[in-house]
Every structure is written in C-alpha cells, then in structure tokens.
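Each remark here refers to the structure printed beneath this line.
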Amino acid sequence: MTTGFERIQQQVHDVISSLINAKSPLDLLFALSGGVDSCVLLHALIQVKKSLEFNFRVMHVHHGLSPNAENWAEFCKKTCQTYQVPLDVLKVEVQMGAGIGLEASAREARYKALYGAHADYIILAHHQDDQAETLLLQLFRGAGLKGLSAMAAHDENRSLLRPLLDITRQEIEAYAKANNLAWINDESNLDTKYDRNYCRHEIMPVIKARFPASGETLARSASHIAEASELLNELAQIDANTCLIEGQMSIKQLKELSLPRSKNLFRWWLSSMGFLAPSSDRLDDMLTQLMNASQDATIKISIDSANEIILRRYQGFAYIDTNYSEQTNDIAMIWQGESTLIMPDGTHLVFERHQGQGLAIDKLGGHKLRISSRKGGERFKPDFARPTRTLKHLLQEANLPPWQRERLPLVYLDDALAVVPNIGVDCMMQASERDVGLVIRWIT
C-alpha cells in the first residue's frame with residue numbers, strides 16, 4: 001500500500017515527467033510562501049529532481065501585509081540556501097481600494113509577480129482541502145460551472161501546476177513531521193473575517209464531523225463539474241463554427257440556438273477574447289438587446305468600462321470593440337519602414353512586401369508615406385473600370401462598421417490618397433505582376 005510519503009513524491013514525479021516528455025528543457029517556477037504546504041512541496045520537488053531533468057526556480061512573493069512578512073522572507077531564503085536552489089524575493093504592493101477585497105487583491109498581486117518571471121509553468125501547493133473549500137465558496141457566490149470547476153491540477157491555459165490536489169492537509173502535515181521540516185504559520189490564516197478562513201475553521205469541521213470523507217468527495221465533485229464545463233466549451237466551439245463569421249457573431253444564427261446554448265456560446269466568445277464572463281442578469285440584458293433591437297438600432301453596451309470595451313451591433317452582427325474611446329484620435333504619423341505602426345487608439349497598421357500586390361514600392365520615389373485620420377470629403381479610385389468615388393460611399397459599400405470608419409487610418413503619398421487599408425490602393429499606384437508591392441492592413 002502506498003504511504004502518504006510515497007504518494008506525495010509520486011504525484012510530483014508523475015506531473016513533471018509528463019511535461020518533460022512534451023517539452024525539454026522544462027523551466028519551472030515554484031511559489032514558496034513558507035507555510036507547511038509549500039515547504040512540503042519544495043522538499044518533494046528537490047527529491048524528484050534527483051531523477052528528472054528540469055530547470056527549477058523559487059519565488060517568494062512579499063506582500064508586506066503582516067508584521068512578520070520580513071521574517072517569512074528570511075525563512076524562505078534560509079530554506080532555499082539549505083537546498084541550494086535559487087530564490088527570488090519579490091515585494092509587491094497590494095491595492096487596498098481595488099473594490100475586490102483584500103484576499104482577492106493579494107492574490108492578484110501574487111499572480112502578477114509570478115507570471116512576470118516568464119516560466120513554462122508555475123507550481124502551486126494547493127491541496128485537496130483547498131479544493132473542497134474553493135468549491136463551497138464558489139457555491140456560496142452562485143458561480144457557474146466554470147467557477148464551480150474550482151482548481152485544475154494541470155491548468156494549461158494559465159500555465160499552472162498543482163500536483164498536490166489529490167493530497168489531504170493531514171497527509172501533508174504527516175510528511176512534514178516525518179521529514180523534520182520547518183515551516184512558518186501565517187497568523188492571518190486564523191482570522192475568520194476572511195471568507196476562506198471562516199469556511200476552513202467554522203464550516204468544514206462541522207461538515208467533516210457528519211461526513212468524514214467530505215474533503216475527498218467535494219474535490220471529486222469539482223472534477224466532475226470541470227468535465228461538464230469542458231463539454232460546454234466543446235459545444236460552444238461547435239456553435240462558433242456556425243455563428244462566428246470572421247470573428248463577429250451572427251445574430252441570425254445566434255437566434256436559432258436555444259437560450260441556454262446561446263448564453264453558453266456568448267460566455268465562451270467573451271472568455272476566448274480574454275474578458276470575464278458577465279453576471280447572469282447582465283448576460284440576459286446583452287442578449288435581449290442584441291436579438292430584439294431593430295436592424296437600424298444603435299447598440300452600445302459596456303463590457304469593461306475601465307478598459308473601454310464595448311459590445312456593438314451592425315447589420316446583423318455583434319462586434320466587440322476593444323478600441324472604443326469618446327475622444328477623437330487624430331493621426332499624424334510618418335512611415336519609416338516599420339513592419340507595424342501602432343495607432344493612437346491601439347489598433348495596428350501592418351506593412352508587408354508581396355510580389356504583384358499592394359502599393360508599388362517604386363512609386364514612392366524616396367518619398368515618405370504619411371498616415372492621417374479621415375477629415376471628410378476624401379475621394380478615392382481603387383478600380384480603373386469605375387469612376388472616382390467618395391470614400392464615404394466606398395466604406396459603406398464595404399460594410400465597414402460606422403465606428404471603424406471614423407477611426408480608419410489613411411495612407412498618403414505626399415498629398416495623394418494612396419491606400420485605404422483593407423479597401424484598396426489608388427489605381428495609378430498599384431503594383432503590377434512584375435513589381436514588389438507594399439500591402440498595408442489595418443488590424444482592429
């Protein structure tokens with residue numbers, strides 16, 4: 001029968017060896033708090049490294065929230081010196097007034113510091129009891145399946161590893177005592193004004209008194225929920241193949257889905273672009289406005305007001321506008337040969353050389369290309385067979401959304417409008433099959 005001592009080292013070995021097979025050399029960063037969980041995992045990592053080849057660094061994030069914070073940092077330094085492993089102690093500033101609570105603010109600062117180290121994976125010492133507590137807390141918050149999935153042992157999207165998720169706190173403490181390990185005790189872990197501590201010290205003991213295996217069963221439930229959440233992600237990707245066209249959401253196709261399925265797709269779409277899922281009420285409001293508005297209605301819904309992210313509707317499609325601003329972004333730039341120019345609103349102009357496409361480079365004649373905002377009244381002739389037309393009509397014909405028309409950068413050669421990105425090149429300046437041309441694209 002495998003002992004807790006063997007199980008811990010075996011878990012760590014199995015997780016790391018599976019990654020070495022896929023990536024070598026493997027660069028790992030371990031987050032050492034100095035508590036018993038992280039000290040046990042550090043010891044296990046040292047033992048596993050004797051038989052596996054991987055790069056290994058340690059970081060202690062110094063929040064400065066406790067009067068003992070300096071002592072903890074010193075303890076971590078001495079511990080790592082004993083093991084002869086490199087340690088970085090990084091002081092962070094926790095935003096007290098961030099509106100998300102001290103626990104969440106400290107966690108956000110910690111992860112920011114860890115990701116700044118640029119490792120292949122970050123190793124964390126979360127264990128089975130942490131998983132059970134996380135599931136309960138998420139239930140109390142009314143979380144959806146993604147939140148109820150709690151923590152993943154191998155979180156590929158976030159490059160996180162938690163090899164102890166199947167290990168109980170009791171096993172960890174037994175391992176520490178058996179190996180005569182030292183650790184620190186964070187006094188804040190006893191303060192039940194924090195939700196997790198209240199759950200750990202007040203709720204879980206009552207549950208375990210009646211249901212002794214509750215830690216294991218709750219963690220198992222989180223695993224089942226994670227599988228269900230993954231299935232919903234797969235369903236969303238299937239629906240996205242029909243509903244997403246060139247990155248925009250077709251309202252017509254979205255309406256053909258059931259309401260739960262359309263909600264699932266919409267959450268997945270926002271998540272795939274890096275945005276937090278809205279609350280249920282907020283999501284209902286977004287879908288109601290998108291699906292029920294008249295064709296010519298102007299829809300402008302804030303997704304992330306702090307970062308000016310806007311949900312819009314235009315000609316039957318939903319757009320996520322990540323460059324929205326109430327301010328006018330005047331553009332006055334000169335192209336100096338860069339492959340990319342960043343516009344004032346954060347969009348990009350990309351310049352690529354292609355044979356027989358785009359603006360004929362020999363037409364430049366040593367002159368610089370000038371990038372400018374629209375002023376109104378511009379006329380443009382990208383087609384020999386058609387007359388010169390107003391740029392306004394060309395952009396409408398191309399179905400460019402109105403908010404993008406306002407911000408579209410124009411490319412001039414001296415005073416002549418040479419290129420309207422994503423629309424065309426002046427017919428007198430186009431590259432022939434024998435010419436090297438400059439293809440200029442606007443990435444929103």
Criterion side chain to side chain donor-acceptor pair (under 3.5 Å) on Arg196 and Thr134, from CA distance to verdict
CA-CA 8 Å; Arg196 182 172 291 276; Thr134 299; 2.9 Å; yes
From CG (Asn189) to NE2 (His201), nearest 0.5 Å:
6.5 Å
Verdict with supporting geometry, Gln47 and Asn179, side-chain contact (heavy atoms from CB on, under 4.5 Å)
CA-CA 12 Å; Gln47 307 312 309; Asn179 288 280; over 6 Å; no
Is it true that atom OH of Tyr319 has more than 12 heavy atoms of other residues, nucleotides or ligands lying nearer than 6.0 Å?
yes
If you count heavy atoms of other groups shown closer than 6.0 angstrom to NZ of Lys49, is the number above 12?
yes
Can Thr347 and Asp345 be counted as having a side-chain donor-acceptor contact under 3.5 angstrom?
yes
Closest approach of Leu400 to Arg405 (non-hydrogen atoms, all atoms of both residues):
O-NE, 2.6 Å
Looking at Glu173 and Lys177, is any side-chain nitrogen of the basic one under 4.0 Å from a carboxylate oxygen of the acidic one?
no
Check Asn185 against Trp183 and note the closest heavy-atom contact, atom names and distance.
OD1-NE1, 3.6 Å
Is it true that the side chains of Gln10 and Asp14 contain a donor and an acceptor less than 3.5 Å apart?
yes
Using a cut-off of 6.0 Å, state whether more than 12 heavy atoms not belonging to Arg158 lie near its atom CZ.
yes
With rounding to the nearest 0.5 angstrom, report the OG to CG distance, Ser279 to Asp285.
9.0 Å
Any side-chain heavy atom of Leu311 within less than 4.5 Å of one from Ile299?
no
Before you tell me yes or no, could you show the steps for Phe211 and Thr217 under side-chain contact (heavy atoms from CB on, under 4.5 Å), namely the whole-Å CA-CA distance, both residues' side-chain angles and the distance that decides it to 0.1 Å?
CA-CA 9 Å; Phe211 305 102; Thr217 55; over 6 Å; no
Minimal non-hydrogen separation, Ala431 against Gly437, with atom names:
CB-CA, 3.9 Å
Without swapping roles, check the side chain of Asn197 against the backbone of Ser188 for a donor-acceptor pair under 3.5 Å.
yes
More than 12 heavy atoms of other residues, nucleotides or ligands under 6.0 Å from CD of Gln170: yes or no?
no
Please tell me if the side chains of Ile225 and Leu135 come closer than 4.5 Å, counting only heavy atoms from C-beta onward.
yes
Heavy-atom count around Glu93 CD within 6.0 Å, excluding the residue itself: above 12?
no
Using the ring centroid of each side chain, check whether His60 and Phe75 are separated by less than 6.0 Å.
no
For the backbone of Lys78 and the side chain of Thr82, can you confirm whether one donor and one acceptor N or O come within less than 3.5 Å of each other?
yes
Close side-chain approach of His126 and Leu160, heavy atoms under 4.5 Å:
no
Worked verdict on His43 versus Ile8 for side-chain contact (heavy atoms from CB on, under 4.5 Å)
CA-CA 10 Å; His43 183 275; Ile8 286 174; over 6 Å; no
Out of curiosity, Leu341 CG to Ile371 CD1, how far, rounded to the nearest 0.5 Å?
6.0 Å
Taking atom CD of Gln336 as the centre, does the number of heavy atoms from other residues, nucleotides or ligands within less than 6.0 Å exceed 12?
yes
Are any of the side-chain heavy atoms of Leu164 and Asp37 separated by less than 4.5 Å?
no
Might you confirm whether atom CZ of Arg353 has over 12 heavy atoms from other residues, nucleotides or ligands at distances under 6.0 Å?
no
To the nearest 0.5 Å, tell me how far Leu161 CG sits from Glu156 CD.
8.5 Å
Check for a donor-acceptor pair, side chain of Ser271 on one end and backbone N or O of Arg267 on the other, with a separation under 3.5 Å.
no
Ignoring hydrogens and geometry, is there a side-chain-to-backbone donor-acceptor pair from Lys252 to Gly316 under 3.5 Å?
no
Starting at OG of Ser258, measure out to CG of Asp239 and round the result to the nearest 0.5 Å.
8.5 Å
Donor-acceptor contact below 3.5 Å, side chain Gln138 vs main chain Ala143:
no
Can you give the donor-acceptor pairs under 3.5 Å from side chains of residues 242-250 to other protein atoms, not counting sequence neighbours?
unit_1 : atom_1 : unit_2 : atom_2 : d
Gln248 : NE2    : Glu246 : O      : 3.4
Ser250 : OG     : Gln253 : N      : 3.2

CG of Leu232 to CZ of Arg261, rounded to nearest 0.5 Å, is 10.5 Å
Salt bridge flag under 4.0 Å for residues Lys263 and Asp284:
yes
Have a look at Leu265 and tell me which of Leu270, Leu235, Leu257 forms a side chain to side chain contact (heavy atoms under 4.5 Å, CB included) with it.
Leu257
So, Arg169 side chain and His127 main chain: donor-acceptor pair closer than 3.5 Å or not?
no
Quick check: does any side chain N or O of Arg162 sit under 3.5 Å from a backbone N or O of Ala152, one acting as donor and the other as acceptor?
yes
Minimal non-hydrogen separation, Trp335 against Lys368, with atom names:
O-CD, 3.8 Å
Lys/Arg-Asp/Glu bridge criterion (N-O < 4.0 Å) met for Lys112, Glu108
no
Could you label the plane-to-plane angle of the Phe56 and Phe30 rings as parallel, tilted or perpendicular, counting under 30° as parallel and over 60° as perpendicular?
tilted
Any Leu410 side-chain heavy atom under 4.5 Å of Leu408 side chain:
yes
Within the distance-only criterion (no hydrogens, no angle test), does the side chain of Ser373 pair as donor or acceptor with the backbone N or O of Ile331 below 3.5 angstrom?
yes
Heavy-atom distance under 4.5 Å between the side chains of Ile238 and Glu234, does that happen here?
no
Answer yes or no: does atom CD of Gln84 have more than 12 heavy-atom neighbours from other residues, nucleotides or ligands under 6.0 Å?
no
Side-chain heavy atoms of Ile123 within contact of Val15, under 4.5 Å:
no
Please find the pair of heavy atoms, one from Ala125 and one from Asp130, that lie closest to each other, and give the distance.
O-OD2, 4.2 Å
Minimum-distance pair of heavy atoms, taken over all atoms of Gln131 and Ser149
NE2-O, 4.5 Å
Is there a side-chain contact between Leu290 and Phe266 in this structure, where contact means two heavy atoms from C-beta onward sitting under 4.5 Å apart?
yes
Test item: Tyr115 side-chain N/O and Ile122 main-chain N/O as donor-acceptor pair under 3.5 Å
no
Going by salt bridge (Lys or Arg N to Asp or Glu O under 4.0 Å), Arg57 matches just one of Asp120, Asp88, Asp27. Which one?
Asp27
Run the numbers on Val58 and Tyr83 for side-chain contact (heavy atoms from CB on, under 4.5 Å), then give the verdict.
CA-CA 11 Å; Val58 183; Tyr83 290 129; over 6 Å; no
Taking the side chain from Arg200 and the backbone from Glu133, do they hold a donor-acceptor pair closer than 3.5 Å?
no
